[in-house]
Amino acid sequence: MESIGAGAAPIEVLLVEDSSGDVRLTREAFKDAKVHINLHVVSDGIQAMAFLRREGEYVNVPRPDLILLDLNLPKKDGREVLGEIKESPELKSIPVVILTTSASEADILRSYRLHANCYITKPVGLAGFLEVIKSIDSFWLSVVKLPRETHS
């Protein structure tokens, strides 16, 4: 977990991403956008579900306020992860933003059918990522003002 930015209570963000380059770009974009978050990163779908269910090494992690989910993940596909999140009474209220390289209409439609809250095709380079993070900040973290839920 990495705390990024400053201000009031940070937003807990779970980034589910297997590309170390994309993780690095996302971190840099959040820093440049000065968004106050605690960024948690897992690299596959099995780890994502363990984190969300607070199992094993993730037993003491906070509940995410927002999930940034890649679709093309090892071990368990992001589409499966999205389906499990949105079928779970405990997890379905967490907003899920699909952040992936796929611009496939089939992936977009399937993601929304599985109740993704937003679908963003990953931009190339830091400037593009910065714009995406600013849009996430201005909409999801500022306008929507993610409600804090306390779960033990």
Side-chain angles (χ1 to χ4, degrees), residues 1-79 81-82 84-86 91-104 107-108 111-112 114-151:
M1 189 258 326
E2 177 180 359
S3 185
I4 300 173
I11 302 295
E12 300 294 337
V13 177
L14 175 61
L15 173 62
V16 186
E17 175 58 66
D18 64 318
S19 164
S20 59
D22 286 349
V23 169
R24 191 171 49 254
L25 277 174
T26 305
R27 279 191 177 119
E28 288 303 313
F30 273 118
K31 283 179 187 174
D32 288 356
K34 296 176 175 50
V35 179
H36 191 204
I37 65 164
N38 286 330
L39 184 65
H40 307 270
V41 180
V42 296
S43 60
D44 66 55
I46 290 176
Q47 288 177 342
M49 292 313 300
F51 186 101
L52 291 167
R53 292 181 179 133
R54 297 178 180 158
E55 298 170 343
E57 68 183 283
Y58 304 108
V59 70
N60 293 315
V61 299
R63 174 187 164 93
D65 297 307
L66 177 68
I67 300 168
L68 301 177
L69 177 64
D70 187 15
L71 291 181
N72 303 309
L73 297 169
K75 299 184 182 177
K76 183 180 284 204
D77 185 82
R79 295 155 194 87
V81 172
L82 176 60
E84 287 183 38
I85 291 169
K86 294 305 181 175
L91 303 174
K92 68 181 178 183
S93 64
I94 302 172
V96 178
V97 174
I98 303 300
L99 186 58
T100 189
T101 56
S102 174
S104 157
D107 279 339
I108 295 168
S111 294
Y112 283 122
L114 291 170
H115 305 289
N117 297 89
C118 184
Y119 191 104
I120 300 172
T121 302
K122 286 181 193 172
V124 177
L126 183 58
F129 259 86
L130 183 56
E131 288 307 310
V132 166
I133 296 306
K134 283 181 179 178
S135 71
I136 289 170
D137 176 46
S138 64
F139 183 72
W140 288 104
L141 306 180
S142 299
V143 175
V144 175
K145 296 194 191 302
L146 297 169
R148 292 293 185 144
E149 293 187 29
T150 53
H151 296 274

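Worth saying up front: this structure is predicted, and the values here are computed from it rather than measured.
Between K92 and H115 there is no side-chain heavy-atom pair separated by less than 4.5 Å. Side-chain atoms of S111 and L71, non-hydrogen and from C-beta on, do get closer than 4.5 Å to each other. Residues R63 and R54 are in side-chain contact: their nearest non-hydrogen atoms beyond the backbone lie under 4.5 Å apart.
Looking at R79 and T100, their side chains never bring a donor and an acceptor atom within 3.5 Å of each other.
For the pair K75 and I46, the tightest heavy-atom approach, listed with the atom from each and the gap, is CB-CD1, 3.7 Å. F51 and P64 get closest at one heavy-atom pair: CE2-CG, 3.8 Å. The shortest heavy-atom contact between A116 and I98 is CB-CG1, 3.8 Å. Nearest heavy atom pair, residue N72 against residue T101, reads ND2-OG1, 4.0 Å.
The side chain to side chain contact (heavy atoms under 4.5 Å, CB included) check on Q47 picks up V42, S43, D44, Y58, with sequence neighbours excluded. Taking R24 as the reference, nothing meets the salt bridge (charged side-chain N to carboxylate O under 4.0 Å, His left out) condition, with sequence neighbours excluded.
In this structure a side-chain-to-backbone donor-acceptor pair under 3.5 Å is present from D65 to E12. Between the side chain of Y119 and the backbone N or O of D107 there is no donor-acceptor pair closer than 3.5 Å.
Among the candidates V81, L99, L91, I85, the single residue satisfying the side-chain contact (heavy atoms from CB on, under 4.5 Å) test with I67 is I85. Evaluated for a side-chain contact (heavy atoms from CB on, under 4.5 Å) with L14, the options L68, L52, L66, L39 yield exactly one hit, L52.
To the nearest 0.5 Å, the span separating CD on E84 from CG on L114 amounts to 11.0 Å.
Sorted by first and then second residue, the pairs that involve residues 116-125 and meet salt bridge (charged side-chain N to carboxylate O under 4.0 Å, His left out), not counting sequence neighbours, are E17-K122, D22-K122, D70-K122.
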